[in-house]
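Below is one structure; the comments refer to it alone.
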Number of protein chains: 2
Amino acid sequence: MAKRGPYGKGEAKRAEILRVALEIFAEEGYRGTSLRKVAAACDLSLPGLMHYFDSKEDLLTQVLRVRDETARLRGAGEDDIEQVHHVIQEGAKTPGLVELFVSMAAAAADPGHPAHAHFAERYPLLRERATAAVRRAVDEGRYDTTIPPERVATLMLAVVDGIQLQWLIDRSVDMEQPFDDLLTLLRADDATRGPGGAGVSRG
Amino acid sequence: MAKRGPYGKGEAKRAEILRVALEIFAEEGYRGTSLRKVAAACDLSLPGLMHYFDSKEDLLTQVLRVRDETARLRGAGEDDIEQVHHVIQEGAKTPGLVELFVSMAAAAADPGHPAHAHFAERYPLLRERATAAVRRAVDEGRYDTTIPPERVATLMLAVVDGIQLQWLIDRSVDMEQPFDDLLTLLRADDATRGPGGAGVSRG
DNA sequence: GTCTATACGACGATAGAC
DNA sequence: GTCTATCGTCGTATAGAC
């Protein structure tokens, strides 16, 4: 199970494939990118590539996992709300990966799709973490609402996901503003409920 | 351009195809549904079907247009906010069409995709209407925020789109709750900022 | 275990007959 | 306006070399 022994090379190659695939999807978008093209970029034949994955959708799902992991690691140690901003900014640079994420989310509607398990784990996890952060903010008097923290967390995730659809069509849409505006609405101090002020304080 | 003359039959057939395609996508999901299957359901060969459309993506885009039109007509005369609830409830019954919508939104990231023009028209239109409704609510003192109406409108659209991604994975997610919660946060009367009350009043 | 060669069925697209 | 026939490409499956 570890990376030692005769599996070392295989694991390394698998990781390389995922890295290369992520690059290609980021640069050229995920649509119209065939597995044969990915294989060629890895100096591999198509079956050689498929040796490491059960199917195309399995590969795509693992690319998504890598992306999630990368974003998570870069935001390590930060506050949960900070991490959200970080992930948003990262996503805003790579339309191809946002496109991949949204497409996979649609495909994962089918319980039999490999990505279904991924999202089925991911959303509850994100909701839990966001819920904890919201609960803390309410307890400390920073947020002023009696809406249950779980529901506020669900609302936050919806905003972050949803703005991406608008952004995919029109890149001039500000991907951070709606989330910041939501935070403003949640904030206890009424003086900050307007746009003139600092919005969210960070940095 | 009208439905009269020798084009009458063609236009009728085109409408029938779109209606049948919508049905199939709603029942079986849009994934794994080939054009040959749609053609067969219309008693047509594949080229026979393609005579009416430039490409598969063109057909899909027009299916989306029909869906939008249908939802719009059913909500005619209602308040804009009411229409949102109507569209949400309608969508919640047909996962296959939500899946289609999300997939197309991702595909439309490419400016060359036929659906790009559709979304590029749709979002500004929805934003304008929502902006007007929000401005009215603020002017009448029903909403209490100094966030510009355009930004509140963008936030609303993000919530409605985003909750669909969560719902596609877990159908037990309430598609209306987040939007209602957002309205609660916007509402002027602080006594209604909690979940105990009526939430949004309608009907 | 790692990888190539080859082949299969299905897809969307198109040419040309009627 | 609709068909048959065909094309190129896709993801997938199998056989077997090393």
Side-chain angles (χ1 to χ4, degrees), chain A residues 1-21 24-25 28-64 100 103-104 106-108 110 112-115, chain B residues 1 3-18 20-21 24-25 28-64 100 103-104 106-108 110 112-115:
Chain A
M1 216 184 271
K3 74 186 304 187
R4 215 171 45 250
Y7 299 94
K9 185 188 176 189
E11 288 300 317
K13 191 72 179 179
R14 172 182 272 106
E16 180 199 339
I17 293 170
L18 291 176
R19 186 178 50 76
V20 169
I24 296 181
F25 294 149
E28 309 180 19
Y30 118 95
R31 273 175 61 262
T33 301
S34 68
L35 290 189
R36 281 176 173 87
K37 192 185 275 183
V38 175
C42 297
D43 287 308
L44 232 47
S45 68
L46 204 173
L49 183 138
M50 292 311 291
H51 170 71
Y52 296 96
F53 304 94
D54 293 337
S55 67
K56 178 191 184 181
E57 319 225 293
D58 175 41
L59 190 157
L60 258 36
T61 303
Q62 296 201 36
V63 167
L64 221 55
L100 173 66
S103 297
M104 293 293 281
D110 176 2
H113 193 285
Chain B
M1 218 183 275
K3 73 186 304 186
R4 215 172 44 253
Y7 298 93
K9 184 188 174 188
E11 288 299 318
K13 192 74 180 174
R14 174 183 269 105
E16 180 199 339
I17 292 170
L18 291 175
V20 169
I24 296 182
F25 294 150
E28 311 180 16
Y30 114 96
R31 208 170 228 85
T33 300
S34 68
L35 290 190
R36 280 176 173 88
K37 192 185 275 181
V38 174
C42 297
D43 287 308
L44 233 50
S45 68
L46 203 170
L49 183 140
M50 292 309 291
H51 172 254
Y52 296 96
F53 304 93
D54 294 337
S55 67
K56 178 190 185 180
E57 318 224 294
D58 176 40
L59 190 156
L60 258 34
T61 302
Q62 296 202 36
V63 167
L64 222 54
L100 173 66
S103 297
M104 293 293 282
D110 176 3
H113 192 286

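It should be emphasised that the depicted structure is a prediction, and the values quoted were computed from it without experimental measurement.
- Regarding Phe53(B), its CZ atom lies at a distance of 15 Å from the C1' atom of dT2(D), rounded to whole Å.
- Partners of Arg31(A) by salt bridge (charged side-chain N to carboxylate O under 4.0 Å, His left out), not counting sequence neighbours, listed by chain and number: Glu57(B).
- Between Glu11(A) atom CD and dT2(C) atom C1' there is a gap of 13 Å when expressed in whole angstrom units.
- The separation between Lys13(B) atom NZ and dG1(D) atom C1' is 11 Å, rounded to whole Å.
- Spacing between atom CE of Met50(B) and atom C1' of dC7(D) amounts to 15 Å, rounded to whole angstrom units.
- For residues 40-53 of chain A, there are no side chain to side chain donor-acceptor pair (under 3.5 Å) pairs, not counting sequence neighbours.
- With sequence neighbours excluded, the residues that form a salt bridge (charged side-chain N to carboxylate O under 4.0 Å, His left out) with Lys13(A) are Glu16(A).
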For nucleotides 8-10 of chain D, which of its nitrogen or oxygen atoms have a protein nitrogen or oxygen under 3.5 Å away, and what is each distance?
unit_1, atom_1, unit_2, atom_2, d
dC10(D), OP1, Ser34(A), OG, 3.4

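- For the pair Arg31(A) CZ and dG12(C) C1', the interatomic distance rounds to 13 Å; values are reported in whole Å.
- Annotation: the span from Leu60(B) atom CG to Met104(B) atom CE amounts to 4.5 Å, rounded to 0.5 Å.
- In this structure, the side-chain contact (heavy atoms from CB on, under 4.5 Å) partners of Ala106(B), at least two apart in sequence or on a different chain, are Glu99(A), Val102(A), Ser103(A).
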N/O-N/O pairs, protein side and nucleotides 4-6 of chain C side, under 3.5 Å:
unit_1, atom_1, unit_2, atom_2, d
dT4(C), OP2, Ser45(A), N, 2.9
dT4(C), OP2, Ser45(A), OG, 2.8

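- Residues satisfying the salt bridge (charged side-chain N to carboxylate O under 4.0 Å, His left out) criterion with Arg19(A), sequence neighbours excluded, are Glu23(A).
- Contacts of Asp58(A) classified as side-chain hydrogen bond (donor to acceptor under 3.5 Å, both in side chains), with partners at least two apart in sequence or in another chain: Gln62(A).
- The CG-C1' distance, from Asp54(B) to dT14(C), rounds to 13 Å in whole Å.
- Residues satisfying the side-chain contact (heavy atoms from CB on, under 4.5 Å) criterion with Ala41(A), sequence neighbours excluded, are Val20(A), Ile24(A).
- Contact between the side-chain N/O atoms of Tyr52(A) and the OP1/OP2 oxygens of dG1(C) is not found at any separation under 4.0 Å.
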